[in-house]
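The structure displayed is predicted, hence computed values, not measured ones. Heavy atoms only: backbone and side chains are in, while hydrogens, waters and symmetry mates are out. Every chain is numbered from 1 and lettered A, B, ... according to where its sequence line falls, protein lines coming before strand lines.
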Number of protein chains: 2
Amino acid sequence: MTDVARKAGVAPMTVSRALRGDGYVVEEKKERIINAAKELGYVLNMSAGSLSSNKTNFVSVLIPSINNSNFSETVHGIAEVLHSKGMQILFGYTDYSMENEEHIISTMLKRRPEGIILTGGVHTDQARNLLKNAHIPVVEIWDLPEKPINHAVGFLNSRTIEDMMARLLFLGYRNIAFLGGDEGGDNRGRERRLGYERAVKTLGLDKSCVIPLGPPPITMMHGKEGIIRLIKEWPEVDAVVCVSDLPAFGAIMECQRQGWKVPERLAVAGFGDFEVSSFSCPSITTINVGCAELGRNAGEIMAKAIEGIRCKTPISPQIITTPHTVIEREST
Amino acid sequence: MTDVARKAGVAPMTVSRALRGDGYVVEEKKERIINAAKELGYVLNMSAGSLSSNKTNFVSVLIPSINNSNFSETVHGIAEVLHSKGMQILFGYTDYSMENEEHIISTMLKRRPEGIILTGGVHTDQARNLLKNAHIPVVEIWDLPEKPINHAVGFLNSRTIEDMMARLLFLGYRNIAFLGGDEGGDNRGRERRLGYERAVKTLGLDKSCVIPLGPPPITMMHGKEGIIRLIKEWPEVDAVVCVSDLPAFGAIMECQRQGWKVPERLAVAGFGDFEVSSFSCPSITTINVGCAELGRNAGEIMAKAIEGIRCKTPISPQIITTPHTVIEREST
DNA sequence: CTGTTAGCGCGTTCAA
DNA sequence: TTGAACGCGCTAACAG
C-alpha cells in the first residue's frame with residue numbers, strides 16, 4: 001500500500017480509502033491511485049483490514065449437501081441478497097451430520113464471520129455454545145426449531161406431509177405408505193415421517209406402513225429399492241408418499257420396469273419440486289417449499305441483523321414461517 | 001489469548017502453540033490451556049494469525065454452478081484431499097460467466113488464498129493478470145487448456161463426443177444430430193459440439209444437424225424443446241447426442257409423451273453420467289468423466305504445490321489428462 | 001520445551 | 001479532504 005501511495009503521490013491512508021471506496025477522496029486522486037494499484041498489481045489484504053477494522057465482511061452458510069437443488073436454490077436466494085449488500089459468503093457442507101456441523105462451526109468462527117446461517121434446528125450442545133459465545137447473528141433455516149437460537153426462517157416439515165396426505169385422501173387413496181424417514185440424524189426425514197403418522201391418525205386411515213430408507217442423502221436408488229420392499233410388504237398399497245422427489249423418481253421408474261402402472265396401480269408423491277419431477281413421465285406430484293424465497297428471507301434478516309450490530313442497535317429475533325404448496329401432477 | 005494464558009499460567013505464545021497444535025507444548029500444559037480456552041469461550045482469530053504468519057490455510061475453488069452433480073462430485077474429490085491436509089476451501093460460483101469469474105477472483109485474492117482452482121481453461125485477460133501477480137499455484141480443471149496458466153487436470157471435451165459418435169456409428173446409426181453447444185460463453189458446450197462436427201467428417205456421415213440450446217446452464221427443459229425442433233427439422237434423424245444428461249433426459253421424456261420410442265425411433269445419448277441417467281426408464285447412454293478422481297488429482301497437485309511454495313521448493317507445472325468412458329445403456 | 005521481542009498490513013481516530 | 005500515530009491479535013524468530 002505504501003508503494004501504491006508513493007506512486008500516486010499520496011499517503012497510504014488515502015490509498016486505503018480510495019481502494020475500499022469509502023470516505024472522501026477527490027475523484028482525480030482516486031483515479032490515479034486505482035491506476036497505480038493496477039500497474040503494481042496491488043491487491044488489498046483483507047486479513048490486515050479485518051484485523052484493524054474488526055469487520056470481515058462475510059457470512060458463513062452451512063448446508064447439508066452441495067448436491068441438492070433444494071439447498072442450492074436456497075443458497076441462491078441467500079447469495080442474491082447478501083451479495084447485493086456487498087457481503088461475501090463462506091459455505092460449509094455438513095454431510096447431514098451434526099458432528100460435522102459442530103466442527104465446521106468451530107473452524108468457521110476462527111475466521112470471524114459476521115453472521116452464520118444454519119440449515120436445521122437441531123445442533124450439538126457444543127455447537128450451540130460456540131454460537132452463543134460468538135455474539136453474531138444466527139439464522140436457522142428450513143426446519144423451524146422449537147427453540148430458535150436467534151432468528152429462524154422455515155416451515156414445518158410435518159405439516160407439508162400432512163397436507164399431501166389430505167390431498168391423497170381427497171383423491172380417493174386409502175392405503176397410503178411412506179418411503180424414507182429414519183431414526184438417525186435425519187431430522188428433516190423424521191419430521192416428514194411424523195407428519196405421515198399424524199395424518200394417518202387424523203384422517204382415520206386403517207393401516208400405515210413406513211419403509212425406512214436409511215440415513216440421508218436419500219437418492220433415486222433408495223426409491224427403487226424401497227418400492228420393491230413396499231409392494232412385497234403391503235400388496236394392497238395404493239399410494240406412497242416419498243421423503244423427497246429423488247426416491248419418488250427412482251420408485252416410479254422401477255414401477256415402469258416392473259409393469260406397475262403409475263398412478264393406476266400405485267400413486268407416488270414426492271417432496272421438494274425438483275426439476276426431474278416436472279419432466280419425468282409421468283410427472284410427479286410433489287410439495288414446493290419456495291426455497292429461493294426462503295433463502296432471500298434469510299438473507300434479508302441476516303443483512304439487517306449485521307447492520308444492527310454494526311450500528312449498535314441490535315434487532316430482535318425474527319421468526320418467519322414460509323408457505324408451501326402441494327403440486328398435483330400425473331403420478332397421483 | 002492473553003486472558004487464556006493468564007488463566008493457564010503460561011505465556012501467550014504457548015497458548016498459540018497449544019491451540020494450533022504445532023510446535024512443542026508439554027501435554028499437561030496443553031490440556032490446561034485447552035480447558036482454559038473452552039471455559040473462556042476463546043476462539044483463535046485467523047485474521048490476526050494469517051497476517052502474522054503469512055499463511056491463510058485456504059484454497060479458492062471456482063466452479064460454474066453449485067447445482068450440477070458433475071461439478072459437485074469434482075468438488076467432493078478436491079475437498080477430500082485438501083481437508084485431509086488441513087486446508088479449508090472457499091467456493092465461488094461463476095454462473096458460467098468469465099466476467100463473474102474475473103470479479104470473484106479479484107475478491108478472493110483480497111483474502112489471500114494459498115492456491116486457486118478454476119473450472120475451464122478460458123479466462124479474461126485481466127483474470128490471467130490477477131492470477132499471475134498473485135504468485136500462488138493455479139490449477140485449471142475439466143477442460144484441458146491450450147496454454148495452461150500453471151497446472152491442469154482434465155480431458156478434451158471434443159474427444160469424449162467423438163468417442164460417443166464412433167460408438168453410435170458402430171451400433172448402426174447414421175443420421176446423428178447434436179443437441180446443445182452454443183456460440184456464446186459456453187466453452188465446454190462448444191468443445192463438445194466441435195467434437196461432434198469433427199466426428200461427422202471423420203466418420204464420413206452424410207449429414208449433420210446441430211440444435212443449439214442457448215447459454216448454460218442447459219436443463220431438462222432445453223432437451224424437451226430441442227428434441228421437438230430436431231424432429232421437425234430432420235425427420236430422418238435416428239440418433240441424437242446431447243451436450244449433457246439433463247437435456248438428454250428431458251428429450252427422452254418428451255419422446256415418451258410424443259410416442260416416439262427410444263431407442264427404436266430415436267436413440268438418445270448424454271454426457272456426464274448423472275444419477276438420473278442410470279435410473280431413467282429407458283436408462284441413458286452417456287459419458288463418464290470420473291469427476292471425483294479428477295477432483296482428487298487436482299487436490300493432490302494443489303497440496304503439493306502449496307507445500308512446495310511454503311518450503312521454497314516450487315514444483316514444476318503438472319498437466320494430467322483424465323480418462324473418460326462411454327457407458328452404453330438402454331437409450332441407444 | 002517455553003518465553004520475549006518485534007512486526008505482519010491495514011483501518012480507526014483524531015487533528016489539520 | 002488528507003495525513004500521522006497507533007494498535008488490532010497474532011506468530012516468526014530467536015534466546016534460553
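Summarising the geometry, the separation between CD on A:E28 and C1' on D:dT2 is reported as 13 Å, rounded to the nearest angstrom. One interatomic measurement links the two molecules: CD of A:E31 to C1' of D:dT1, which rounds to 17 Å at whole-angstrom precision. Atom P of nucleotide D:dG9 and atom CG of B:D3 are separated by 10 Å, given to the nearest angstrom. If you take CE of B:M46 and C1' of D:dT11, they are 12 Å apart, rounded to a whole angstrom. If you take CG of B:N45 and P of D:dG7, they are 18 Å apart, rounded to a whole angstrom. When the P atom of C:dG9 is taken as reference, atom CZ of A:R20 falls 17 Å away, rounded to whole Å. One can place NZ of B:K110 at 15 Å from C1' of C:dG9, the figure rounded to the nearest angstrom. Rounded to whole Å, the distance from CD on A:E27 to P on D:dT2 is 11 Å.
Residue-level contact check: A:A48 touches the bases, meaning some heavy atom is under 4.0 Å from a base atom.
Side-chain atoms of A:S52 and base atoms of D:dG7 include a donor and an acceptor less than 3.5 Å apart. A donor N or O paired with an acceptor N or O is not found under 3.5 Å between the base of D:dG9 and the side-chain atoms of A:R112.
Place B:V25 and B:N54 on DNA chain C by their nearest nucleotides, and B:V25 ends up nearer the 5' end. Toward the 5' end of DNA chain C, the nearer of the two residues B:Y24 and A:K55, judged by each one's closest nucleotide, is B:Y24. Residue B:L51 is the one, among B:D22 and B:L51, whose nearest nucleotide of DNA chain D lies closer to the 5' end (criterion: closest heavy atom).
At the phosphate of C:dT2, neither OP1 nor OP2 sits under 4.0 Å from any side-chain N or O atom of B:R17. Checking the phosphate oxygens (OP1, OP2) of C:dG3, a side-chain nitrogen or oxygen of B:T14 falls inside 4.0 Å. The shortest distance between the side-chain N/O atoms of A:K29 and the OP1/OP2 oxygens of D:dT1 is not below 4.0 Å. For the OP1/OP2 pair of C:dC10 and a distance below 4.0 Å, the side-chain nitrogens and oxygens of A:Y42 include at least one atom meeting the criterion.
No hydrogens or angles considered: a donor-acceptor pair under 3.5 Å links the side chains of A:R190 and A:N187.
Side-chain N or O atoms of A:S50 include one that pairs as donor or acceptor with a backbone N or O of A:M46 at under 3.5 Å. Remark: side-chain polar atoms of A:T119 are paired, donor with acceptor, to backbone N or O of A:L62 under 3.5 angstrom.
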Side chain to side chain contact (heavy atoms under 4.5 Å, CB included) evaluation trace for A:Y93 with A:I63: CA-CA 5 Å; A:Y93 304 104; A:I63 57 178; 3.5 Å; yes
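When distances are taken from the side chain of B:M13 to each of D:dT11, D:dC10, C:dG9, the shortest belongs to D:dT11.
Of the charged side-chain nitrogens involved, at least one lies within less than 4.0 Å of a carboxylate oxygen, so that B:E28 and B:R32 count as a salt-bridged pair.
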